[in-house]
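All remarks here apply to the structure that follows.
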Amino acid sequence: MKKKKKQKQVKRIIILVLIILIVLSFSIIAILKTKKKENNNPLIGKWTTDNVTVYIFNKDNTGELKVPLSTYKFNYKINKNNLYIDFANEKSEDTKYTYNFENGRLILESKNGKFIFHKQK
């Protein structure tokens with residue numbers, strides 16, 4: 001009788017340990033996927049057209065547009081090859097670009113034209 005009870009306890013402990021290992025594995029996989037997505041965002045960094053106008057894209061989907069006399073903060077979202085910029089200042093016009101990369105340069109196209117940026121170090 002004691003032997004059966006002990007076997008049941010051992011089985012429960014083994015099942016509990018397996019459940020914990022499975023949950024841990026899924027958690028680690030989810031964290032690694034999130035990190036990979038963050039690191040795969042090619043926009044992250046500082047981009048300029050003329051060393052005067054600078055777009056800064058941060059990992060947390062925030063950024064800044066810097067021009068000589070002002071800085072405009074924004075949030076951005078990427079969906080396929082579309083870049084949506086939502087400026088914090090409501091007087092600034094939110095923008096939608098299609099974007100791609102050619103020879104290490106960032107190409108942004110909108111209704112206002114085509115803009116070519118290179119990454120600052």
Report yes if some heavy atom in the side chain of [X] is under 4.5 Å from a heavy atom in the side chain of [Y]; otherwise report no.
| X | Y | answer |
| --- | --- | --- |
| Leu65 | Val54 | no |
| Ile85 | Tyr97 | yes |
| Leu83 | Leu108 | yes |
| Phe101 | Leu106 | yes |
| Ile56 | Lys73 | no |
| Asn82 | Tyr99 | no |

Can you tell me if [X] uses its side chain to pair, donor with acceptor, with the backbone of [Y] under 3.5 Å?
| X | Y | value |
| --- | --- | --- |
| Asn100 | Ile107 | no |
| Lys119 | Ile44 | yes |
| Thr62 | Asn58 | no |
| Thr53 | Thr49 | no |

Rounded distance [0.5 Å steps], [atom1] in [X] versus [atom2] in [Y]:
| X | Y | atom1 | atom2 | result |
| --- | --- | --- | --- | --- |
| Thr71 | Glu64 | OG1 | CD | 5.5 Å |
| Thr48 | Lys66 | OG1 | NZ | 12.0 Å |
| Asp86 | Thr95 | CG | OG1 | 9.5 Å |
| Ser25 | Leu18 | OG | CG | 10.5 Å |
| Leu24 | Ile29 | CG | CD1 | 11.0 Å |
| Glu93 | Ser110 | CD | OG | 8.5 Å |

### Task
Please indicate whether Phe115 has more than 12 foreign heavy atoms, meaning atoms of other residues, nucleotides or ligands, lying under 6.0 Å from its CZ.
yes
### Message
Check the orientation of Tyr55 and Phe74. Use parallel for under 30°, tilted for 30 to 60°, and perpendicular for over 60°.
### Response
perpendicular
### Task
Go through the steps for Lys96 and Glu109 under the test salt bridge (charged side-chain N to carboxylate O under 4.0 Å, His left out), then give the verdict.
CA-CA 8 Å; Lys96 174 191 170 192; Glu109 292 186 64; over 6 Å; no
### Message
Could you tell me if Asn41 and Tyr76 have a donor-acceptor pair between their side chains, going purely by distance under 3.5 Å?
### Response
yes
### Task
Could you state whether Trp47 and Val67 fall into the same hydrophobic cluster, counting links through intermediate Ile, Leu, Val, Met, Phe, Trp or Tyr residues with side-chain heavy atoms under 4.5 angstrom apart?
yes
### Task
Show your reasoning for whether side chain to side chain contact (heavy atoms under 4.5 Å, CB included) applies to Asn103 and His118.
CA-CA 10 Å; Asn103 301 321; His118 63 274; over 6 Å; no
